Asker: 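Pasting a structure here, questions to come.
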Amino acid sequence: MKLSKTYEPAKFEPSIYALWETSGAFMPSGKGDPYSIVMPPPNANGNLHVGHAYMIPIEDVLTRYYRMQGRDTVWIPGADHAGFETWVVFERYLNSQGKSRFDYSREELYQMTWDFVEQNRGNMELQIRALGASCDWSSTVFTLDKKVIDTVYQTFHKLWDDGLVYRGNRIVNYCPHHQTSFADIEVEYREEKSNLWHIAYPLTSGAGEIEVATTRPETMLGDTAIAVHPDDPRYKDLIGKTVILPLVGREIPIVADEAVELDFGTGAVKITPAHDPVDFEIGQRHNLPQIQVIGFDGKITDAAPVEYQGLTTEEARLEIVEHLKLAGALRQVEEFTHQVPHCYKCGAVIQPLLMKQWFINVKPLAKRAKEAVEDGRIHFVPAQKGYELIHYYDELRDWNISRQIPWGIPIPAFQNVDDPDDWIFDTRVEQTEIEVNGKTYRRDEDTFDTWFSSGQWPFVTTDYLSDGKLCKFYPNSVMETGVDILRAWVARMIMLGLYMTNKVPFRDVFLHGLILDEHGQKMSKSKGNVVNPMEIIDKYGSDALRIGIIMNRSAGQAQAFSEASVVAGRNFCNKLWNIARYIEDKADSANVANEDVDDAEPETIADHWILSRLEQARVDLSNHITNYRFAEAVETVYHAVWDELADWYIEASKVEANPAFMRRVLGIALRLVHPFAPFVTETIWTTIRGQESLLISQPWPSELKFSKTKAADFEAIVELVNELRNIQGQLPSRKYRLVYDESRVVEENEELIASLARLKDVKHDHTPHGLRIVLPRSTTWLELSDEEILSYKDDLQAKLDKLKNEIYALEKRLSNKGYIEKAPERLVEETKRNLSDKKRQTTHIGEQLSEIS
RNA sequence: GGGCAGGUAGCUCAGCUGGCUAGAGCGCCACAUUCACACUGUGGAGGUCGGGAGUUCGAGUCUCUUUCUGCCCACCA
């Protein structure tokens, strides 16, 4: 088979992927040391976004590289039911149908959502394929698969038995719009301008009043105390006295608590234990009643005076401020800017509400996780992120894992209908009521926080707890994911992984940053600057996208997406394509058989030289990939292929070719490029060599042997040709003759030099004349007329001046005592060599100049 | 209020343990050519590395300070 004249990725990418998939190349080989990556599961019913277009190629580069290295490699794909995310989309759909969640039972809603997801599922997986992911589809896991739920229940049960999960009546972050609670981490704080209202509460005794300041006057309906600092001289005498709550008339005490700041507001705080986390804690310390005045629907409850009942919090705030003003209790309204919690999805103001929920006592889990990060059992790239986690573990508070949405894993807990405090663990969640020991228990209607189940992903996907066939792949070699979910996900995986398996879930963590638009702005639908990776693939091909997106990007950094880089990637693939076409033409016309090309021996000096360059690239590449320096790795292959293979080796082969060996060189290059541009390299490989052995399964090249002296000969030619091109660039274009008197390298390669430097010819001459070119390994003369030499005079003079400056700098350095004494000897030697080199050049140019004039 | 990251060529970014003349891609300028490739070739211009101070023989790289940008965290009601 022959390669088509033009590089058209759309013509071969899908079929190449199918070839890999059906060949079984994605599955672990069963040989070598295990290497594993678990893919952060993309949302099952969503399209991939540009972040995935970075994540997938990086994980694929690692997977393909280690597979070629002979490791027993698996990359486990997955799909996320994305509990809350999906639920929001589904509920919006439900509402658009004129329905509400309250029209259905939990089972019905679960099934409906399942069907909804099912309709859209598959799309995402096709897109992962389009990106070239060499993941093992036979081991794919969906976050609602039975084995996931079983494992999650096992974990929950262990936490239950160990007393680390508890039913707490505590303040939770509640979104009145979505009617569910959130973990602390899911709340988004936004700075808002508001007021600080100063309200006077009259003392019951009638002897004066106490003024408090609040940003949420509506919560006063639920006040059960006023708190002041115990050492505050202004209020010392009032502690223990009571005040009358304005508008409500309730008598509430004045308590003393250290949590009150002396210099904020008036130094006196109204305490609403049911609606504020700090007030809740103060309430606990002083045994204050908790009165819930804001309901789960975000409206004022029956616990408040009748005129406020049913109002939204915003309405109630206006009313109350108005009423306070009328009652003469409003002392002052101060402008105030503060951070207000919002639902990260709908933007509604989060209400801190008192709820009974399941909490995990994270202290012991966090302690172990922190140690694993601290002692380096888990290694972070970039490293600062590890320190960030350590800090996070220190101040982590108990984790609320209850969610009031039906789309998720049901919490396997049942409550005694006759005793609200009697809860039992039971996995018969398909039943709303169960009988145990003659008592009736009712199911908890809540589901788990998605992060609770996905936090177990590494040992779930590898079936580690049940010794499944992938269990040797736990711990994973690396966890590659976005920095934005460092705390939400990575932190939890480490805690739960250590807790359940006594092993870290992964050894390395590579975190990629957010991908911004071309101008460094965050991509968002509303701004209309979202890049769709599938459109980029249609336009330039998958390989181009992979290379373009990895280029110019470093770990953890939010960086712009650049279409120009994708173009560069596409051009690179095109280059490779044409290199292959050229080599094939040469090899075919020389009747080189496909067999044994991998054993072809280098003959020409160019052969040895290209081996030396590819060997360097091979070593650099391994180094970069091992250290997760993907952009540098791409740069290495890019330049090895373009600047060295195409620009020098191929050009040299036009003078003297070794066709069998050229095929070998192509084979090496294809292997080195394959992890980055798998489609085009595999296409070339199978087109030339047939589909019996795929490139994806080829071993990584082992050390390349070559003759150093022959490679150096070619290097000398490269040096000379560069100099000649440089000089010719300053001259009117016409073909010149190069002459030499004594130079082995030049003598042996007359034609090669002439061709590469586009000279008329290269000749031996006992009385050479013209412009003298003195290089470390050759002395030659470019035959120029006196006029031409004269026109080059200015350039020579400029060169001379530049050299003189450099010599001055070098001499200064060498005359510096400190430098000679303290700098490493190697460096001093180098400087000396450099100086004598430049001095020699200066002499030659000086002579040249005097000859001209 | 605290923390982190970043400010290097027109644009997007590299620069790992301080080492000599700071790199890449794209863009720009000039020339070339249709011989694997115009998704091409060759040459070139372009940077006082945000500002200031310090440590050092030597600083884009380390320290301090200042300024701008972005992100994260935090119960000042």
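If you're wondering where the values come from, they're calculated on a predicted model, not measured in any experiment. In what follows, chains carry the letters A, B, and so on, assigned in the order in which the sequence lines appear, proteins first and then strands, with residues in each chain numbered from 1.
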Asker: Considering only side-chain heavy atoms of Phe336(A), which listed nucleotide, A36(B), C39(B), A77(B), is closest?
Answerer: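 For Phe336(A), the side-chain atoms sit closest to A77(B).
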
Asker: Asn578(A) has an atom CG; how far is it from atom P of U34(B), in whole Å?
Answerer: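 Roughly 17 Å, once rounded to whole Å.
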
Asker: Side chain of Trp642(A), heavy atoms from C-beta onward: which of G43(B), G41(B), C37(B) has the nearest atom to it?
Answerer: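 That would be G41(B).
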
Asker: Taking all atoms of both residues into account, what is the closest heavy-atom pair of Gly51(A) and His512(A), and its distance?
Answerer: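 So the two residues come closest at O-NE2, 4.4 Å.
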
Asker: Distance-only, no hydrogens or angles: does the Gln559(A) side chain make a donor-acceptor pair with backbone N or O of Ser554(A) under 3.5 Å?
Answerer: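 Indeed, once roles are kept as given, a pair shorter than 3.5 Å links the two residues.
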
Asker: Measure from the side-chain heavy atoms of Ala823(A) and tell me the nearest of G25(B), G19(B), C72(B).
Answerer: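 The answer is G19(B).
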
Asker: From C20(B), C37(B), G25(B), pick the nucleotide closest to the side chain of Glu651(A)?
Answerer: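 The closest nucleotide is C37(B).
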
Asker: At a cut-off of 3.5 Å, list every protein nitrogen or oxygen paired with a nitrogen or oxygen from nucleotides 44-48 of chain B, distance to 0.1 Å.
Answerer:
| residue | atom | partner | partner atom | Å |
| --- | --- | --- | --- | --- |
| G44(B) | OP1 | Asn726(A) | ND2 | 3.0 |

Asker: Quickly work out the Ile684(A) CD1 to A36(B) P distance and round it to whole Å.
Answerer: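 Value for this atom pair: 16 Å.
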
Asker: Short question: side chain of Ser815(A), backbone of Glu811(A) - any donor-acceptor pair under 3.5 Å?
Answerer: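 Flag set: sc Ser815(A) to bb Glu811(A) pair under 3.5 Å.
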
Asker: Taking N and O atoms by type only, does the side chain of Lys385(A) place a donor or acceptor under 3.5 Å from a partner on the base of A5(B)?
Answerer: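 For Lys385(A), whose side chain was compared with the base of A5(B), there is no donor-acceptor pair (under 3.5 Å).
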
Asker: Got a sec, which pairs hit ring-ring contact (aromatic ring centres under 6.0 Å, His included) with one end in residues 255-277 of chain A, sequence neighbours left out?
Answerer: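 The answer is Phe264(A)-Phe336(A).
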
Asker: Sequence neighbours left out, what passes side chain to side chain donor-acceptor pair (under 3.5 Å) with Lys522(A)? Give chain and number order.
Answerer: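 Scan of Lys522(A) (side chain to side chain donor-acceptor pair (under 3.5 Å), adjacent residues dropped) gives none.
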
Asker: Looking for any heavy atom pair under 4.0 Å, which part of the strands does Ala227(A) touch: base, sugar-phosphate only, or nothing?
Answerer: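 Here Ala227(A) touches no strand at all.
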
Asker: By a strict heavy-atom criterion of less than 4.0 Å, which residues belonging to residues 386-400 of chain A are in contact with RNA chain B?
Answerer: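 Contacts with RNA chain B under 4.0 Å: Glu395(A), Arg397(A).
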
Asker: Below 3.5 Å, can you tabulate the donor-acceptor pairs from side chains in residues 645-654 of chain A to any protein atom, sequence neighbours excluded?
Answerer:
| residue | atom | partner | partner atom | Å |
| --- | --- | --- | --- | --- |
| Tyr649(A) | OH | Asp607(A) | OD1 | 2.6 |
| Glu651(A) | OE1 | Lys654(A) | NZ | 3.4 |
| Glu651(A) | OE2 | Lys654(A) | NZ | 3.2 |
| Ser653(A) | OG | Tyr582(A) | OH | 2.9 |
| Ser653(A) | OG | Ile650(A) | O | 2.6 |

Asker: Quick one: which protein N/O atoms are closer than 3.5 Å to N/O atoms of nucleotides 8-17 of chain B? Pair and distance per line, please.
Answerer:
| residue | atom | partner | partner atom | Å |
| --- | --- | --- | --- | --- |
| U12(B) | O2 | Asn552(A) | ND2 | 3.2 |
| C13(B) | OP1 | Ala560(A) | N | 3.0 |
| C13(B) | O3' | Gln559(A) | NE2 | 2.6 |
| C13(B) | O2' | Asn552(A) | O | 3.4 |
| A14(B) | OP1 | Ser554(A) | OG | 2.3 |
| A14(B) | OP1 | Gln559(A) | NE2 | 2.5 |
| C16(B) | O2 | Arg629(A) | NH1 | 3.2 |
| C16(B) | O2 | Arg629(A) | NH2 | 3.2 |

Asker: Could you check whether Lys5(A) gets within reach of a base, just the sugar-phosphate, or nothing at all, counting any heavy atom under 4.0 Å?
Answerer: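 Counting heavy atoms under 4.0 Å across all strands, the contact made by Lys5(A) is with sugar-phosphate only.
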
Asker: Hey, which of these two, Gly267(A) or Arg826(A), hits RNA chain B nearer its 5' end, going by closest nucleotide?
Answerer: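 Its nearest nucleotide lies further toward 5', so the answer is Arg826(A).
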
Asker: Which residues within residues 255-265 of chain A lie with some heavy atom under 4.0 Å of an atom in RNA chain B?
Answerer: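 Val260(A), Glu261(A), Phe264(A), in order of number.
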
Asker: If the condition is side chain to side chain donor-acceptor pair (under 3.5 Å), which residues does Glu788(A) pass it with, not counting sequence neighbours?
Answerer: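 With sequence neighbours excluded, Glu788(A) shows a side chain to side chain donor-acceptor pair (under 3.5 Å) to Arg734(A), Ser785(A), given in chain and number order.
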
Asker: Please list all pairs meeting salt bridge (Lys or Arg N to Asp or Glu O under 4.0 Å) that have one or both residues in residues 537-564 of chain A, counting only residues at least two apart or in different chains.
Answerer: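 Salt bridge (Lys or Arg N to Asp or Glu O under 4.0 Å) check on residues 537-564 of chain A returns Asp60(A)-Arg546(A), Lys539(A)-Glu563(A).
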
Asker: Taking salt bridge (Lys or Arg N to Asp or Glu O under 4.0 Å) as the test, write out the residues that go with Glu218(A), two or more places apart.
Answerer: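 Checked Glu218(A) against salt bridge (Lys or Arg N to Asp or Glu O under 4.0 Å); matches are Arg317(A).
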
Asker: What does Arg570(A) touch in the nucleic acid at a heavy-atom separation under 4.0 angstrom: a base, only the sugar-phosphate, or nothing?
Answerer: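 Here Arg570(A) touches the bases of the nucleic acid.
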
Asker: With sequence neighbours excluded, give me every salt bridge (Lys or Arg N to Asp or Glu O under 4.0 Å) pair touching residues 270-283 of chain A.
Answerer: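 As it turns out, the salt bridge (Lys or Arg N to Asp or Glu O under 4.0 Å) pairs with a partner in residues 270-283 of chain A, which skip direct neighbours, are Arg216(A)-Asp276(A), Asp223(A)-Lys270(A).
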
Asker: Return yes if some donor-acceptor pair links the side-chain N/O of Asn578(A) with the main-chain N/O of Asn574(A) below 3.5 Å, else return no.
Answerer: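 At least one qualifying donor-acceptor pair exists.
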
Asker: List the atom pairs, donor and acceptor, that lie under 3.5 Å between side-chain atoms in residues 625-643 of chain A and the rest of the protein, sequence neighbours left out.
Answerer:
| residue | atom | partner | partner atom | Å |
| --- | --- | --- | --- | --- |
| Thr626(A) | OG1 | Ser622(A) | O | 2.5 |
| Asn627(A) | ND2 | Asn623(A) | O | 2.8 |
| Asn627(A) | ND2 | Asn623(A) | OD1 | 3.0 |
| Tyr628(A) | OH | Asp508(A) | OD2 | 2.7 |
| Arg629(A) | NE | His624(A) | ND1 | 3.4 |
| Thr636(A) | OG1 | Glu632(A) | O | 2.9 |
| His639(A) | ND1 | Glu635(A) | O | 3.0 |

Asker: If you check every side-chain atom of Asp647(A), which of U42(B), C37(B), C39(B) has the closest atom?
Answerer: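 Selected nucleotide (nearest to the side chain): U42(B).
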
Asker: Do the side chain of Ser4(A) and the main chain of Thr6(A) share a donor and acceptor less than 3.5 angstrom apart?
Answerer: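 A pair under 3.5 Å: yes.
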
Asker: Whole-Å distance between G41(B) P and Gln728(A) CD?
Answerer: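 Atom-to-atom, Gln728(A) to G41(B), this comes out as 18 Å.
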
Asker: Have a look at Pro824(A) and say if it touches a base, only the backbone sugar-phosphate, or nothing, with a 4.0 Å heavy-atom cut-off.
Answerer: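 If one applies the 4.0 Å heavy-atom cut-off, Pro824(A) turns out to touch a base.
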
Asker: Roughly how many Å is it from CG in Leu810(A) to C1' in G19(B), rounded to a whole number?
Answerer: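 Going from CG in Leu810(A) over to C1' in G19(B) covers 12 Å.
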
Asker: Looking at Lys832(A), I'd like to know whether one of its side-chain N or O atoms comes within less than 4.0 Å of OP1 or OP2 on C20(B).
Answerer: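 Checking Lys832(A) against C20(B): no side-chain N or O falls below 4.0 Å of OP1 or OP2.
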
